[in-house]
Amino acid sequence: MTKFMTRNEEIILLTILKLKGNAYGVSIREQIFQDIGDKWSFASIYQPLDNLVRKQYVRRTKGDPTARRGGKSKFYYEITHDGLKYLRILRKAHDQVWSVIFEISPENGN
Amino acid sequence: MKADRILRVLYSQDFYLERSGDLKEAYADLLEKSGSLKAKAWLWLQILKLLYGVIRTNIVWGFIMFKNYLTVALRVMSRQKLYVAINIFGLAIGLACFFLIMSYVQYESSYDTFHKQSDQIYRVAHRSSDVYKGKNESASSPAPLAQALLNEFPEVIQSTVLTPDNARLKFENKHFSEKGLLADEHFFLIFSFPMLHGDSKTALAEKGSIVLTVSLAQKIFGKADPLGQLIDVDGWTSGSYKVAGIINDVPENSHFTFSFITSLVSEPQYRQSLEANDWSNANWFTYILLHEGADPAQLKTKIRDFETKYLASQSADNRMHFFLQPMTSIHLKSHLIHELSSNADFQIIILLSGIAFLILLMACANYMNLAIARSIKRVREVGIRKVVGALPRHLILQFIGESMLLSLLSLVLATGLVLAVLPGYSDFVGHDLSISYANSGWMFAKLLGLAMAVGFISGSYPAFFTASMRPSWVQKEMPTGSSRLSRFQRVLVVSQYAAAIALIVGVVIIYQQLRYIRNKDIGYDRKLVLVIKADSAVAKKYEALKNELANQPSIFGVTSSSQLIADIPSGRFVQDWEGRTNEKPLRLYHLAVGYDFLDFFKIGLIEGYDFSPKFPADKKNGFLFNETAVRTLGWKSGLGKTFHFGNLTGHVVGVMKDFHLHSLRLPIGPLFLELRPDWVNYLYVRISSTNLGQTLALIKDKMKTYTAYPLEYDFLDDVFNKQYQAETKLNQVISVFALLALFIASLGLFGLAAFTTEQRTKEIGVRIVLGASILRVVLLLTKKFTKLVLAASVFAIPLAYLVMTRWLGGFAYRIKVGSGVFVTAVAAVLIIAWLSVSYQALRSATTNPVDSLRHE
């Protein structure tokens, strides 16, 4: 059974995929800012991240501490097999839904 | 850093590391770009948002779920009112019983703990070779012991001597009979009885000084200053005593109580014992205070050498052996000769606590049983919750929460019950238990804690059971097994009924023994006999008083004795007797009596004659023996035989039939009567049954001319029955709890039967349609419960038999336990079980099959 997810979770899951092994709190937040243009609060990043981990779409691993972090470890996020599978299903569903709507193109909206 | 500390509180270790690290990194980035102020503001905003997130997930959602659980719980309850009522009622009774019993037990174990150094205080008692009233250990000790212990052992830092003294006090023209003590000047150094006026160090140091409790002082002196006043005391020794101190009233939970203390140095017998270094007369009570941390076991071994040193005059096999009793355990565990008050029976306390737990467990078992039965109805709800994503622990929490809610509701009822019965209960146990609760929230806090614990315990098994139900059971409708009881349920029902049967057997046996005691011929006529305590003034003019009373038409006879006939305490050693063959001196019970004693009590003579003024020589050396005494001395016939005791040579002038000297716990002992019309402690007056009140008033009136003290009297029958007060109370207590136990068990069975019958509604409908008779259906439905009750009796009967024969072992004269008791108990329980089950069975058997088949 697939476990459903929210839009925020979806964005974060895709960002993790995009960051290819260098996904941790700060980098995820930075990437989202670059892609979307919004500065998300950390609270709104951790909440979906925790949910993704609980749903086993994302694996969380402890990394090395750095001085810039006050000697605290980084925690990296990595997409799991289940996560990928779910993304494929989601992509397919999106394509199906969006394919009907030709009039709207991403560049000149409304 | 403050922000860091907040994060540490919010998250577990790993999450804290991640989040704190991330924030620091981002903060450092921002610091370079936008400066300290902005970065700081940003950081705090992040923290606030994180905080909100945590609160929202944990509490807001928790609250929403809680609201849902509560709604569901209330809906389920309102849909199954019968079961809920049974559960709440059962639990409330269980809680109330438990609370009442435990508050009594707690009170009984609080004895003597109010002394500041209570766990360092010990009483020194002694064991001797001489068995007396079935015992050879006495609470008393010789006079020089206290000082000798203080001298010999460094760990003994204080010692005191005391002895009880029931005396008459006189001040101006007011007379009082009071319970008092004689004690030496160290008394207040060991015991914590705070002194309000006067100096506790010197109050008991001088001859002729007396210390009063506040309430006695008020009774005697009113508002006047009592210090320095003179009071006449007529007790161990008579004399005038000066008030040297006022202390607080003695708490009820003290193993010795008193309303005054006179200084022990005033007592000549004590002074003589000290001067003569007399170790043979154990007339005193010695208490010692040990050093903090001193080992009483060590002292115990050293005390053996102490005995050889100080008791050298006593031969090795007749020597006293001293032992220590921790003071706080005296009330519960000490049952020696010469106890200062009648102590509690520790086994009874244990038994009562056991019953309290049992009843509470039965109520819990009821809850579990019904909850398991009912859970089948909730398989759909559980299924949906699981599908939606509830984890087992969520469900467990939900169902435990429900049972806690239920036990809280029953707590409300239990509190009401406790408050309602507390006054009567306090009367019954003889102590006002309500005082300690009235002013504090303690009672409620304790009950609350208890209710929560009960809710948790009784909710846990059904919760696990319910949480383990699979959603797929919904489709299958659980066709098999739904009306059958699980093994766990059967165990619960069997143990409930086993407890009820055992308690009922106990009640019946105690009742039979008490009836046996009441109806047993004890060898003398105790009906309508008034016992009057005589003081020295009455004793002096006994003959005149006797004549005056005996002349009244409503009075049939008057006699006197030195001790109460119902419980003769004292004995005399007979050193030599006719036909003695090398035996040691024997102790015979001794009673000094006035003329007409045998006649008055209708005690038969076997040979010889009763004391009579016609034979004045008997006053000197004539004695009456009972049959046992004659046998004990090895005589075939006692008449005319001679014997020696003290420095007297006596003749047996008559042998009387045996009568009971003590309670029926003890066998009849050897007794001899001495004629002493001058030794009058008790007057016996046999009165007519008509116009009792008038006769009593007449006696009171006549007595007034002989003594100024208020008349202390009692009926001999009541005195006799008081010896079995503990047993009578025990019987009442166990009866009540047995009934409650049976009630709770039946309540549970009723609910269970209602449930299983409901599950089989369709089956019953089909059976009736196919031609089964109503009786058949009822039998079908009651069969399995009958089996359970019979199984319960298999466990209960041997247990009850063992416990009750042990209890009966405490009586020298007792009933035989027949099989009848057990049959009756089982039959009674079975009938009650049938009644509670067959109501349901009958109802479903007599409903129209059309309705039953349409069920659900």
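- The residue from B:Asp22, B:Leu45, B:Ile47 that alone fulfils the side-chain contact (heavy atoms from CB on, under 4.5 Å) condition with A:Phe42 is B:Asp22.
- One finds the CG atom of B:Leu23 at 9.0 Å from the CZ atom of A:Arg69 (value rounded to the nearest 0.5 Å).
- For B:Phe456, the CZ atom sits in a loose shell: 12 or fewer heavy atoms of surrounding residues, nucleotides or ligands are nearer than 6.0 Å.
- With a 4.5 angstrom heavy-atom cutoff, B:Tyr52 does not touch chain A via any of its atoms.
- Summarising the local packing, CZ of B:Phe66 is surrounded by 12 or fewer heavy atoms from other residues, nucleotides or ligands at distances under 6.0 Å.
- The minimum heavy-atom distance linking A:Arg60 with B:Asp14 is given by the pair NH2-O, 3.7 Å.
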| request: Apply side chain to side chain contact (heavy atoms under 4.5 Å, CB included) to the pair A:Lys62 and B:Leu17, showing each step before the final yes or no. | output: CA-CA 10 Å; A:Lys62 192 173 179 177; B:Leu17 277 180; 4.1 Å; yes
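- Contact count versus chain A (heavy atoms, under 4.5 Å) is highest, among B:Gly21, B:Ala26, B:Ser20, B:Gly53, for B:Gly21.
- Residues A:Lys39 and B:Trp42 have side chains not in contact (no heavy-atom distance under 4.5 Å, counting atoms from C-beta outward).
- The minimum heavy-atom distance linking A:Ala43 with B:Gln46 is given by the pair N-OE1, 4.4 Å.
- The shortest distance between side-chain heavy atoms of B:Glu18 and A:Tyr24 does not fall below 4.5 Å.
- Between the side chain of A:Arg68 and the main chain of B:Lys24, no donor-acceptor pair closer than 3.5 Å is present.
- Residue-environment remark: CG (A:Asp64) stays at or below the threshold of 12 foreign heavy atoms within 6.0 Å.
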